[in-house]
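Sequence lines set the chain letters: A, B, ... in the order given, protein chains first and strands last, and positions in each chain run from 1. Reckoned from all heavy atoms, side chains included, excluding hydrogens, waters and symmetry mates.
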Amino acid sequence: GGEEAADNTESGDTSADGASEELEGNVVIDGSGTVYPLMSRLAEEYMINEQPNVSVEVSRAGTSAGFEKFLAEDGTDFNDASRPIKDEEKAKADELGIEVMEIKVALDGLTIVVNPENDWATELTAEQVNDIFLGNVTKWSEINSEWPDEKIQTYGPNENHGTYEFFYENILEEQDLVGDINLQQEYSTLVTLVSEDVNAIGFFGFGYYDSNKDKVKAVGIDFGEGPVEPSLDTIGEEGPYANYTRPVFTYLNVNNAKEKAQVYDYALYIAESANDFAGETGFAPIPDEEAQAQVEAIEALQ
Amino acid sequence: MSVVMMENKMTVQLNQEKEQSAGTAIEEKDVVFNTKELNLWYSETHALKNINLSINEKEVTAIIGPSGCGKSTYIKTLNRMVELVPGVRTTGEITYKGKNILDRSFRVEDLRTQVGMVFQKPNPFPKSIYENIVYGPKIHGIRNKKILDEIVEQSLKGAYIWDEVKDRLHENAYGLSGGQQQRLCIARCLAVQPDVILMDEPTSALDPKSTLKIEELIQQLKKDYSIIIVTHNMQQAARISDKTAFFLNGEVIEFGDTNTIFTNPSDSRTEDYISGRFG
Amino acid sequence: MSVVMMENKMTVQLNQEKEQSAGTAIEEKDVVFNTKELNLWYSETHALKNINLSINEKEVTAIIGPSGCGKSTYIKTLNRMVELVPGVRTTGEITYKGKNILDRSFRVEDLRTQVGMVFQKPNPFPKSIYENIVYGPKIHGIRNKKILDEIVEQSLKGAYIWDEVKDRLHENAYGLSGGQQQRLCIARCLAVQPDVILMDEPTSALDPKSTLKIEELIQQLKKDYSIIIVTHNMQQAARISDKTAFFLNGEVIEFGDTNTIFTNPSDSRTEDYISGRFG
Amino acid sequence: MALKKEMQTGNRLRINEMIAENKNKKSMANIMEKIIPAILFILASITILTTLGILYTLLTEAIEFFKRVPIWEFFTTTELKPLSQNPKFGVLPLINGTIISTIIAMLIAGPIGLMSAIYLSEYASDKVRRVLKPLLEVLAGIPTIVYGFFAFTFVTPLIRSVWPEVEATNILSPGIVMGVMIIPMIASLSEDAMNSVPNAMREGSLAMGATKLETTFKVVIPAAFSGIIASFVLGISRAIGETMIVTIASGSSKNFTFDITQSMQTMTAYIVEVSGGEAAAGSTIYYSLYAVALTLFVFTLLMNLLARYVSRKFREEY
Amino acid sequence: MLSKLDQQQYTKRMNNRIRKNSVLQSVFFLSALFGLFVLAILIIRVVTQGFGWIDMDFLTGRLSTDPERAGIMGAILGTLWVMIVVIPVTMIVGVGTAIYLELYAKKGKFQASIQTNISNLAGVPSIVYGLLGLTVFVRLMDLGNVVLAGGLTLSLLVLPILIVAAQEAIRAVPSHLAEASYGMGATKWQTIQRVILPAALPSILTGSILSLSRAIGETAPLTVLGIPALLIPFPNGFFDTFTALPMQIYYWTLDSSLVAEYANLAAATIIVLLVLLFVLNSVAIFIRNKFQHRY
Ligand SMILES: Nc1ncnc2c1ncn2[C@@H]1O[C@H](COP(=O)(O)OP(=O)(O)OP(=O)(O)O)[C@@H](O)[C@H]1O
Ligand SMILES: Nc1ncnc2c1ncn2[C@@H]1O[C@H](COP(=O)(O)OP(=O)(O)OP(=O)(O)O)[C@@H](O)[C@H]1O
Ligand SMILES: [Mg+2]
Ligand SMILES: [Mg+2]
């Protein structure tokens, strides 16, 4: 529904927000670095096309660190998250009297990447991926005797990132990762690391793979019905890459949205327009019905 | 009153004074500084020991003595500049016009306004000649441009340097020669019209020609000011002073008419020093 | 060669030399330095002009003259220390034992090993007395502790300071008085047994007592060394030197026997200077 | 009116009187004279407040941290997994990373800085020195973020092209670049120290037939030793405190290893990583940041004390 | 002794010593050049990578996620605003402290302890100042991550540098100038105000410009304060959120894996930052040369 949505925004200037007055003030967003490209893109478009007097500040402390800023007095208005909010976090929100609303902004496909010169592990089964990251196998040759007798080097984003948590909780089912995995804070570092290590295998969000196709190669994952490569078409909660698909969110401080018109307006904008920019920032859009439901939920806040 | 008139008056007065002092050579002078039982310590060093000296108005009093005998210390006590050295202690009394200046209640700023000082090395401020002269008047609250101009001219004339600098009053004082700088410093001192001028070896950094000029100047100044001058140069002391005090190891060995001291000293150490046997 | 043998030989030679020079007072001396048509410029300043001088072995040659006449420059040319000043140019020739030292191919390190220097202000290294003395021998590769100890004793004795410092050889040289420091510097110089010792106003920073000691020392040293000494002190030149050169404005005005120069100078400027009429 | 009167009262006494008259007005000046020192004192105490502020900031949060993580565990264990499900807080990997990067930096900056100083102070002509020294100081003025960028995109690939075992993020490359950054600091301070050795001392040595080299090593350097050591210690504290270069180029692995080809994290980089943005209070990770910062603070404090001690101890009197 | 040394041995040794001297002289020279060599590489790399990206649009444009559209005016203004905070704060506090320490404080334990404290502060890592700023300015004073908080944090960071420079400047004013002033009956403050400070001013200015350029290049404390990665409006007051040139470099460097052109933007921003620093330093040198006193 990308094309349709694009039309929407262009006319959005006059129609959707035509009624709303000129807004001012600022909207403060922090949270996941994974979601940052999409959110910064949205923020920019919003400031250029919708409300030039509103300042949307996007920071990128990471999902957990972001929640800590979000769940605080005078906290941020939105927190981008690459995983759903946790129970502790919910509890904290209740404690502080913050009403939190989850907005699903896009879908990310966890992408397993290898070095471009790796011509053997182009396809792996989901179990093999688990074996590698759990440390059950340490050499390529242990997976397939024809593969090199070299140590597998594992890489990933560190615990600061929702991507890690998704991988740990949903894919590895909370078993500890291999001890010598190289976890990094910065994705740029990760990309470089994998691109320079023939025996590297790593995982990160689809967006980072998408922008670095010249440096890293995605591994097709066999979930039982043949290998699937992540792409905007395969990623989806119902799609063939569903097992490795996760939604990414932004969490809205509803109290702030009720108090500040610009926060409310921006929340609405996110819900309406996220799908338009998902593709170009490396995410798959969420189904239109779901998007529409979110718009209505936000509108109901007023 | 116009500036021209003022100028006239000044000249007249100056002339009068010249005649006056030229006429009467022997007369009873008033005492400006009376030092009684003055002792001074720099932390441990006992630099001045039981000094008793009384210094007359409108005379030149020379202070001589070998290096380290306390000459500078003594004259710096007269305007309490010595207090800038940490750890200085004094006992005894110095009266200036009857009031004890060592008394805490005596404000040093007032004292120093009335007791000017010229230093060994010429020390003009790194400002224009004009600014150097008006520095004193300005800090004492004189702001009127006309008066300041007047003061500048008068002071520079008084220090016999007006003709040399009148065309470049707004140039930096550092462009002047050493001798000119020293006269500028004297002029700066005159600009607040003190009663007394203290001079600590004012010519020791100068060439003979400049020295001569300053000596002449001192001869002129003593008509209006009381002058106390420290010098290493025996000839200079003999040439320009009325009274001479000979210091040795922080003590006054001899004090009296310069003539007497140089021709007929009563203490053998004075004689030794004057004849160059030590120091 | 064993250390002991070396030691013996040293003492023997020293004795021999002593006797030799003590015995024969009047004799034809060899020339150590022969300066021909020497000119020297500091960038723009023409500091030495057409100097011609020949300096004899085992004599004390005094160089006198007013400030700025080029005395220091001249003796610093003799060990080429003058080269440390950027922008120095020389023309002419100085032969040391027949070889032109101004020649590029002449190595300054060799020259300076043979031509020692004592400076105006004592400049011991901030090390122990012992380390000061062995500095020269060590850089020349003498490592043997025994020999070094021997050198230290002999040099300090040579500079008449052994008795004063023998109990504190390992204390810092800066603990010594100015006069002792200067004798230490002379001892340091003796430790490499140069042929010539250049001295640039070696006593001007010292008190009269220390000066006397150094003068006596120079008298002793000239038995073994050729000494060239710059001095401001006419009496000193007269007392200790055999030959005297009088410099004025970068030129040698007169050079000859000290006696002659001081009693019967041929140039009126020499006479004027010696009698204190200028300078 | 007053002016007229002043001008009429003759000349000789005029200025005197005006000054005497103004004396009464000078009460303002007197008030200033009393107030100014008080104001200045307050300004001067801002530096004290800064220190107290730092201590307050670090201590309050660090104490909270040590309530949760025993202090001995923090300082003696080698595992640092702040975000993992069962977090481990051993600071040793960070201390290790800090020390190793500092050692690498000093291995570069120490010799090269000192040799540069020797060249500038003993061999270079005045002209050369006047050009070279400020140019070298430009190096010290380049923002460290620029160095970080340089280390990551230039030095690391360069090293890897000759030594392929080196990882893409490693401690070696930022260490080297940090060294380059510190060179001018050591060169400049050591040169100052050597320059202040009186020339008489050099002349004393040269006049004995010593070469420049011998003079430099046997006379000048010993005399300037305290200054040189002080410059080294300052360089070390600079390396310890350096943040952006290691953050960018050394990655964020909390390895406890001595293998310089590997990624390590320094205390400073850990602080950057954890603080990320403005981490809100609450979690142990958040508090750990302050515990690490306190450790770092104590480290640099010790270095400063050491610098003081060393320069006093080795001062050669001359 | 020396003259008794084997002549051959002596000559050999002398040759050796001299050779060593000249070899090491070259080594020293190369060391001195090493730093410059690295500097040259660094600058060449940055310039070749970023120069093509610098144009009017880049310099005056607003920040954007699109590399073609992105401009750094916001970061430039942010940096300028921070400078506007840092200059007066450091000047007033720094010079005031220096005057106090040099001219008012009695030499004693208290003065010595402030002095020690200052030299310790100079060695405290900048990141720790970031934490201080976060706690005190952002949180306790509740300023948020605005220009004022950033400026005050950086002011504290460079304050020790400026204090030491100002102290040296004041100490370098010859005492005979102060004496001349006291000798005319001037009070202490009059003397400081009219004689000592004017004479010390050029050196103080030089010192403050140099410490300012340190402040401008600092990144670490700002990362701790939490400067937003995307901030499009220009800051125009002390209470506006801001971003600064080094922060922009930092974020673009990090995101270069997502958008390759960001690396060029980072390089271009580095050029701008270096030019700014170069200008500041030139001004400092100019002041130093122009107003250097001969007393
Ligand atoms: N600031 C000071 N601190 C400690 N002692 C001092 C200080 N100034 C002078 N003295 C000591 O006080 C004594 C007298 O010094 P003063 O300067 O008055 O001598 P002077 O007669 O002026 O000598 P000169 O002819 O050398 O100027 C000397 O022993 C000197 O060392
Ligand atoms: N480093 C230098 N650079 C430039 N000119 C110099 C230098 N050293 C000395 N001169 C000049 O060379 C001339 C001779 O100086 P020199 O030091 O040899 O004189 P001197 O006879 O030793 O004087 P004094 O008795 O004062 O020591 C002087 O005019 C001096 O100004
Ligand atoms: Mg004196
Ligand atoms: Mg000389």
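- Between chain E and the residues D:Ile42, D:Leu114, D:Leu296, D:Thr144, the largest count of heavy-atom pairs under 4.5 Å involves D:Leu296.
- Across all their heavy atoms, D:Pro143 and E:Gly217 have their closest contact at CB-O, 3.5 Å.
- In this structure, the portion of D:Tyr56 lying under 4.5 Å from any heavy atom of chain E is its side chain and not its backbone.
- With a 4.5 Å cut-off on side-chain heavy atoms, E:Leu36 and D:Leu132 count as touching.
- For E:Ser213, no part lies under 4.5 angstrom from a heavy atom of chain D.
- For the set D:Val177, D:Leu213, D:Leu135, D:Ile112, the count of heavy-atom pairs under 4.5 angstrom toward chain E peaks at D:Leu213.
- With a 4.5 Å cut-off on non-hydrogen atoms, D:Leu294 does not touch chain E at all.
- Residues D:Thr243 and E:Ser126 approach most closely at OG1-OG, 4.4 Å, considering heavy atoms.
- Side chain of D:Ser116 to backbone of E:Ser31: a donor-acceptor contact under 3.5 angstrom is found.
- Heavy atoms of D:Thr247 lying under 4.5 Å from chain E belong exclusively to its side chain.
- Only the side chain of E:Gln49 comes within less than 4.5 Å of a heavy atom in chain D; its backbone stays farther off.
- The contact between E:Val93 and chain D is made by backbone and side chain atoms together, counting heavy-atom distances below 4.5 Å.
- The OG1 atom of D:Thr211 sits 7.5 Å away from the CD1 atom of E:Ile18 when rounded to the nearest 0.5 Å.
- To the nearest 0.5 Å, the span separating CG on E:Leu24 from OH on D:Tyr119 amounts to 13.5 Å.
- Contact of D:Leu58 with chain E is made through the side chain alone, with heavy-atom distances under 4.5 Å.
- Counting heavy-atom pairs closer than 4.5 Å to chain E, the top-ranked of the candidates D:Ile145, D:Thr60, D:Leu136 is D:Ile145.
- For the set E:Leu254, E:Leu273, E:Leu121, E:Thr253, the count of heavy-atom pairs under 4.5 angstrom toward chain D peaks at E:Leu121.
- The line from CE of D:Met115 to CG of E:Leu30 is 9.0 Å long, rounded to the nearest 0.5 Å.
- Here D:Ile118 is the residue among D:Ile118, D:Thr268, D:Val155 with the most heavy-atom pairs under 4.5 Å with chain E.
- The contact between E:Ile92 and chain D is made by backbone and side chain atoms together, counting heavy-atom distances below 4.5 Å.
- Using a 4.5 Å cut-off on side-chain heavy atoms (C-beta onward), E:Leu131 and D:Phe297 make no contact.
- Proximity to chain E (any heavy atom under 4.5 Å) is shown, for D:Phe41, by both the backbone and the side chain.
- The closest side-chain heavy-atom distance from E:Leu159 to D:Ile46 is below 4.5 Å.
- Taken to the nearest 0.5 Å, the CZ atom of E:Phe110 stands 7.0 Å off from the OG atom of D:Ser45.
- With chain E as partner, the option from D:Ile39, D:Ile248, D:Thr50 having the largest number of non-hydrogen pairs under 4.5 angstrom is D:Thr50.
- Counting only heavy atoms from C-beta outward, the side chains of D:Met244 and E:Pro246 never approach each other to under 4.5 Å.
- Contacts between D:Ile54 and chain E at a heavy-atom distance below 4.5 Å involve backbone atoms as well as side-chain atoms.
- Neither the backbone nor the side chain of D:Phe299 has a heavy atom closer than 4.5 Å to any heavy atom of chain E.
- Atom CD1 of E:Ile127 is separated from atom CD1 of D:Ile271 by 5.5 Å, given to the nearest 0.5 angstrom.
- Residue contact with chain D, scored on non-hydrogen atoms closer than 4.5 Å, involves the side chain of E:Leu156 exclusively.
- Considering only heavy atoms from C-beta on, E:Phe28 stays 4.5 Å or farther from D:Lys212 through its side chain.
- What you find for E:Ser119 and D:Arg308 is that their closest heavy atoms are OG-NH2, 2.6 Å.
- For the options E:Gln25, E:Met14, E:Arg45, E:Lys188, heavy-atom pairs under 4.5 Å to chain D are most numerous at E:Arg45.
- For the pair E:Asn117 (side chain) and D:Thr47 (backbone), a donor-acceptor distance under 3.5 Å is present.
- Inter-residue side-chain proximity for D:Ile36 and E:Tyr104 is flagged as met; some heavy-atom pair is nearer than 4.5 Å.
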Show the numbers, then the answer: is there a side chain to side chain contact (heavy atoms under 4.5 Å, CB included) between D:Tyr123 and E:Asn21? CA-CA 11 Å; D:Tyr123 287 92; E:Asn21 179 49; 2.7 Å; yes
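- Your options are E:Gly123, E:Gly130, E:Ala266, and the one with the most heavy-atom pairs under 4.5 Å with chain D is E:Gly123.
- Only the side chain of E:Ile163 comes within contact range of chain D, with at least one heavy atom under 4.5 Å from a heavy atom of that chain.
- Annotation: maximal heavy-atom pairing with chain D below 4.5 Å, among E:Leu33, E:Leu274, E:Val95, E:Thr116, occurs at E:Thr116.
- Note: D:Thr153 leads D:Thr153, D:Leu305, D:Val138 in heavy-atom pairs under 4.5 Å with chain E.
- Proximity to chain E is limited to the side chain of D:Glu214, based on heavy atoms less than 4.5 angstrom apart.
- Interface check for chain D: of the options E:Tyr250, E:Tyr100, E:Tyr129, the most heavy-atom pairs under 4.5 Å are formed by E:Tyr100.
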Quick one, D:Tyr290 with E:Thr135, criterion side chain to side chain contact (heavy atoms under 4.5 Å, CB included). Give me CA distance, side-chain angles, the key distance, then yes/no. CA-CA 11 Å; D:Tyr290 287 90; E:Thr135 307; 3.6 Å; yes
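- The part of D:Ile183 that comes within reach of chain E is its side chain, from C-beta onward, which places non-hydrogen atoms under 4.5 angstrom from that chain.
- In this structure the side chain of E:Leu39 reaches within 4.5 angstrom of the side chain of D:Ile142, judged on heavy atoms.
- Looking at D:Thr300 and E:Pro125, their side chains come closer than 4.5 Å, going by heavy atoms from C-beta outward.
- Here D:Leu120 contributes atom CG and E:Phe29 contributes atom CZ; the two are 10.5 Å apart, rounded to the nearest 0.5 Å.
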